[in-house]
Amino acid sequence: MPELPEVETTRRGVAPHISGRTVRDVVVRERRLRWEVPRRLPAELRGTVLATPQRRGKYLLFPAENGTAIMHLGMSGSLRMVIHDTPPAKHDHIDIVLDGPYRMRYNDPRRFGALLWTRADPLRHPRLARLGPEPFDPVFCGDYLRRLAHRRKTSIKQFIMDASVVVGVGNIYANEALYRAGINPARGAGRVGAERMSRLARAATEVLGEAIEAGGTTLRNFVGGDGEPGYFQFDLDVYGREGQPCSGCGTAIRRRWLGQRATFFCPACQR
DNA sequence: ATGCGGACCTGTTAGC
DNA sequence: TGCTAACAGGTCCGCA
């Protein structure tokens, strides 16, 4: 579920409840996530004061005094703040128990997520070191994309979803950005001209920004950081709309597969 | 270096 | 109603 807007919404949701709080304990009920939760993580976090959580791509960073907890929500992870005596539900794998009435609870049915620990600069962590720029970073622009896409034969959609190119453009927003830019998702990355590439960069930045504004797209079981199920729905033009008319020209939206991911596009508007 | 396919998991929904 | 298959928002890894 979580794409960048959901991750950012989660960060914003939990931030006021954890910034400046002391970690009383960390309860790990299931350590088999994408990678095993480090055994030393509870001991490292216990007794330290948490700073404001940060985000890098879809990774959440929880800086403590002696290191940083690095979290990824994977496909199905979510965080919520619950009062201490709330009994854990199915797939509630980890609690960060805080001073005061709340603990931060991590739930992840598919266990594609992760919780890691580093004492060093988290941005140099192997998982983060090779990430591309944030979509809101001014270096992320048409020229930047053109340079990287030079002679690349992969589709523009797979290219824009590559986290070493730019972070945070997941399947939903790749579809939406390409629609807004009028580019066929299957087009070779190296065959997108300068003008259209600029449009794509702008579209990606825009669509992600708007989704964050909207509070994140809510699909399936996403739960906002405040514990309220998000009911806001970002208005999607193509994703999940196979067979429905394109809002621009009325042509039926098509679905195809690119890189094992469902891809939605308007065959008339996107070339 | 690039590109592809498979892998990790469980839950929900569509179809018979 | 019940069973099975397809599909789901992410990434990493190994191989060609």
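Everything numeric in this text was worked out from a predicted model, so none of it was measured. In what follows, every chain begins at residue 1, and chains take the letters A, B, ... in the order their sequences are listed.
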**Message:** Check whether A/Arg199 reaches the backbone of A/Ala181 with its side chain - one donor and one acceptor, N or O, closer than 3.5 Å.
**Reply:**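 The answer is yes, because a donor-acceptor pair under 3.5 Å joins these two groups.
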
**Request:** Name all stems that contain residues of DNA chain C, defined as runs of 3 or more consecutive Watson-Crick or G-U wobble pairs, both distances under 3.5 Å.
**Result:**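 Ordered by first number, the stems with DNA chain C (at least 3 consecutive pairs each) read B:2-8 with C:10-16, B:10-16 with C:2-8.
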
**Message:** Test question: given the 4.5 Å side-chain rule for I, L, V, M, F, W and Y, name all other residues clustered with A/Leu258, or answer none.
**Reply:**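 None, because no other hydrophobic side chain comes under 4.5 Å of this residue.
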
**Asked** Which hydrophobic side chains are connected to A/Leu131, either touching it within the sub-4.5 Å cutoff or through other members that do?
**Response**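 Cluster partners of A/Leu131: A/Trp35, A/Tyr59, A/Leu61, A/Ile70, A/Leu116, A/Leu123, A/Leu128, A/Val167.
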
**Prompt:** Tell me, which pairs form a salt bridge (charged side-chain N to carboxylate O under 4.0 Å, His left out) where one or both residues lie in residues 244-266 of chain A, sequence neighbours left out?
**Reply:**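 Of all non-adjacent pairs touching residues 244-266 of chain A, those that pass salt bridge (charged side-chain N to carboxylate O under 4.0 Å, His left out) are A/Glu242-A/Arg255.
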
Check the distance between [N]'s [atom2] and [X]'s [atom1] and give it to me in whole angstrom.
X: A/Asp162; N: B/dG3; atom1: CG; atom2: P; value: 9 Å
X: A/Arg151; N: B/dG3; atom1: CZ; atom2: P; value: 13 Å
X: A/Tyr239; N: C/dC7; atom1: OH; atom2: P; value: 12 Å
X: A/Arg110; N: B/dA7; atom1: CZ; atom2: C1'; value: 12 Å
X: A/Trp257; N: C/dA6; atom1: CH2; atom2: C1'; value: 9 Å
X: A/Asp108; N: C/dA8; atom1: CG; atom2: P; value: 18 Å
X: A/Met71; N: C/dG10; atom1: CE; atom2: C1'; value: 16 Å
X: A/Asn175; N: C/dG10; atom1: CG; atom2: P; value: 10 Å

**Item:** Shortest side-chain distance from A/Gln260, nucleotide among B/dG3, B/dG6, C/dA8
**Value:**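 The answer is B/dG6, which lies nearest to the side chain.
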
**Asked** Which of the following nucleotides, C/dA8, B/dC8, B/dT2, is nearest to the side chain of A/Phe112?
**Response**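 Of the options given, the side chain of A/Phe112 lies nearest B/dC8.
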
Should [X] be listed as having a side-chain N or O under 4.0 Å from OP1 or OP2 of [N]?
X: A/Arg111; N: B/dT10; value: yes
X: A/Lys153; N: B/dA1; value: no
X: A/His91; N: B/dC9; value: no

What N/O pairs connect the protein and nucleotides 3-5 of chain C at under 3.5 Å? Give each pair on its own line.
none

**Request:** Between protein and nucleotides 11-16 of chain C, map the contacts as a letter string: B base, S sugar-phosphate only, - none, heavy atoms under 4.0 Å, written 5' to 3'.
**Result:** BBS---

Which atom pairs, one a donor and one an acceptor, fall under 3.5 Å between side chains of residues 47-55 of chain A and the rest of the protein, sequence neighbours left out?
{"from": "A/Thr48", "atom 1": "OG1", "to": "A/Leu45", "atom 2": "O", "distance (Å)": "2.9"}
{"from": "A/Thr52", "atom 1": "OG1", "to": "A/Ser19", "atom 2": "OG", "distance (Å)": "3.4"}
{"from": "A/Gln54", "atom 1": "NE2", "to": "A/Thr52", "atom 2": "O", "distance (Å)": "3.0"}
{"from": "A/Arg55", "atom 1": "NE", "to": "A/Glu8", "atom 2": "OE1", "distance (Å)": "2.8"}
{"from": "A/Arg55", "atom 1": "NH1", "to": "A/Gly57", "atom 2": "O", "distance (Å)": "2.9"}
{"from": "A/Arg55", "atom 1": "NH1", "to": "A/Glu134", "atom 2": "OE1", "distance (Å)": "2.9"}
{"from": "A/Arg55", "atom 1": "NH2", "to": "A/Glu134", "atom 2": "OE1", "distance (Å)": "3.3"}

Name every donor-acceptor pair, under 3.5 Å, that has one atom in a side chain of residues 136-146 of chain A and the other anywhere in the protein, sequence neighbours excluded.
{"from": "A/Asp137", "atom 1": "OD1", "to": "A/Val139", "atom 2": "N", "distance (Å)": "2.9"}
{"from": "A/Tyr144", "atom 1": "OH", "to": "A/Val165", "atom 2": "O", "distance (Å)": "2.6"}
{"from": "A/Arg146", "atom 1": "NH1", "to": "A/Val192", "atom 2": "O", "distance (Å)": "3.0"}

By side chain to side chain contact (heavy atoms under 4.5 Å, CB included) - contacts of [X] (at least two apart):
X: A/Ser247; answer: A/Tyr179, A/Asp237
X: A/Arg152; answer: A/Thr154, A/Phe159, A/Asp162, A/Ala189
X: A/Glu36; answer: A/Arg31, A/Arg32

**Message:** Categorize A/Arg152 for me: base, sugar-phosphate, or nothing, with a 4.0 angstrom heavy-atom threshold over every strand shown.
**Reply:**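 Sugar-phosphate, no base atom in range.
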
**Message:** Checking A/Arg29 now: which residues fulfil salt bridge (Lys or Arg N to Asp or Glu O under 4.0 Å) with it, not counting sequence neighbours?
**Reply:**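 Listed in chain order: A/Asp95.
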
**Message:** For A/Tyr106, run the side chain to side chain contact (heavy atoms under 4.5 Å, CB included) check against A/Val28, A/Asp92, A/Leu33 and tell me which one passes.
**Reply:**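 Going through A/Val28, A/Asp92, A/Leu33 one by one, the side chain to side chain contact (heavy atoms under 4.5 Å, CB included) with A/Tyr106 is satisfied by A/Leu33 alone.
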
**Asked** Which whole number of Å gives the distance between the P atom of B/dC9 and that of C/dG14?
**Response**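 Per the computed distance, 16 Å lies between those P atoms.
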
**Polar contact flag, side-chain donor to acceptor under 3.5 angstrom, A/Asn175-A/Tyr173** =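 Per modelled atom types, A/Asn175 and A/Tyr173 side chains form no pair under 3.5 Å.
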
